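These notes are about the structure you will find just below.
Order of appearance sets the numbers: ligands from 1, and atoms from 1 within every ligand. This is a predicted model, so every value here is computed, not measured. Worth knowing before you read on, the calculation uses all heavy atoms, side chains too, and leaves out hydrogens, waters and symmetry mates.
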Amino acid sequence: MSPAELHALDQAHYWHSFTQMAEYESAIIARGEGVWIEDVEGRRYIDAASSLWCNLHGHRHPKIDAAIRAQLDRIAHCTSLGMGADVTVQAARGLADLTGNQLPRVFFSSDGSSAIEVALKIAFQYWQQCEPAQPKRTKFLALDAAYHGDTLGAASVCGIDRYAALFKPLLFDVIRGPMPDDRRGTAADFLTPLAQLFAAHGDELAAVVVEPLVQCAAGFAMQPLGFLRGLRELATKHGTLLIADEVAVGFGRTGTMFACEQEGVLPDILCLGKGITAGYLPLAATLVKEEIYSAFLGPANSGRALFHGHSYSGNALASAAVVANLELFHQEETLSQLSAKIKHLANWLARIATKPGIKNVRQRGLIAAFDTLPGAGTQIAEYARTHGVWLRPQPNFVYVMPPLAITLEELDTLMQTITTACDLALTRQ
Ligand SMILES: Cc1ncc(COP(=O)(O)O)c(C=O)c1O
């Protein structure tokens, strides 16, 4: 099919996510290689948002490609209801290992939102059937501007009105704490009001839900140091479960395998998605402590099982990608390779920070963002796109979250383009 035909069909049939279709300008990707994606016209772009925070080792990594192809020769999918694929067993073991087996039980689902749904249901059901049960613990505490997904349970704990306000009548009530943001205060500034909420509601809370270190969808709000640990302490003090949503920040994005590690925090429930398959296939996982899992055990007719599942939970092809992804972290020493890239990115950001009109330059690992004058963020993204860098356009800020596999030279190309775009956007104001 010609590009023109594809664009016409795209406009006619494909309703895109989070996109105002009345203004949608068709962009169709034909292939990818490493950090590059290429559209049907043959234009190449650095995938600076990692295909919405999913891709880790680059597109078409030979080892992940081979693992999926090899799995295809055995079986593409079998159900997780009462059985499961051998490769999914290995994926579960690999994920549990990443937590030092402190979260040894792994429930698979299909995407980040469903990993959150599962976490909420597990937390709710746990308190109904743990010993002794605490049936009053039915509420959730979540943070302002939090983003945990778009299905109705996940949307209930979201705090971004633009996405969820319309659906309020369909959502359950949540106790809402402040968004921790190091542009606006210290850890104590946010923990103090949270301590008050815990004091008022602690014994009715099933769990508190948090995006560790960075609330990406909130405009890359970065938490002050010590916030996450303080929240863990409050949850422990009030006997509440801590759900860490590492769907966006997990798998090395912040410089460590999991963001929680940087604050020495072990959550009770950990939600993983996006990078779990290195950005290849839809899969998510909810990992829990043994003591939580045990509360679900009993005779078949006890009603204690977790009655939740998705047709493609624990899909075999996706599990093969998980196993290959985790192997690559070892073979390519992905995490230790990151420190030079993180420093390199910091150097570029320091230059950008000196420009007039640029504020709040911030970074955690390979996640970086800065605020711009109103509207300049969109201009910067437009310039970048016409110069071979794909950024997700945002009116008032710019962020980069490239695949972990990006080289220093590619990082130079990416950041030079953004730096030039900043200069042009500022002179045009
Ligand atoms: C922190 C966080 N949680 C959950 C989700 C939802 O994941 P998904 O889009 O795979 O449903 C996202 C997606 O961006 C996210 O950033």
Atoms in ligand 1 with a heavy atom of Ala248 nearer than 4.0 Å: 16 (O)
Glu290 and Arg105, any side-chain heavy atoms less than 4.5 Å apart: yes
Nearest-option assignment for atom 10 (O) of ligand 1, heavy atoms, candidates Gly250, Ala115, Gly112, Ala218: Gly112
Heavy atom of the protein closest to atom 3 (N) of ligand 1 (residue, atom name, distance): Asp245 OD2, 2.6 Å
Audit row: Arg74, Asp86, salt bridge (Lys or Arg N to Asp or Glu O under 4.0 Å) steps and yes/no: CA-CA 10 Å; Arg74 300 198 298 122; Asp86 52 6; 2.9 Å; yes
Whether Phe18 and Tyr163 hold their rings parallel, tilted or perpendicular, with breakpoints at 30° and 60°: perpendicular
Residue, atom name and distance, where the atom is the protein heavy atom closest to atom 5 (C) of ligand 1: Val247 CG1, 3.7 Å
Val87: which of Asn315, Ile75, Val323 passes side-chain contact (heavy atoms from CB on, under 4.5 Å): Val323
Protein contact of atom 11 (O) of ligand 1 - nearest heavy atom, named by residue and atom, plus distance: Ser113 OG, 2.6 Å
Numbered atoms of ligand 1 (with element) below 4.0 Å of Gly149, judged on heavy atoms: 4 (C), 6 (C)
Distance from atom 12 (C) of ligand 1 to nearest protein heavy atom, with residue and atom: Tyr147 CE2, 3.5 Å
Proximity of Glu211 to ligand 1 by residue part, where a heavy atom lies under 4.0 Å: side chain
Nearest neighbour in protein (non-hydrogen) for atom 13 (C) of ligand 1: Lys274 CE, 3.2 Å
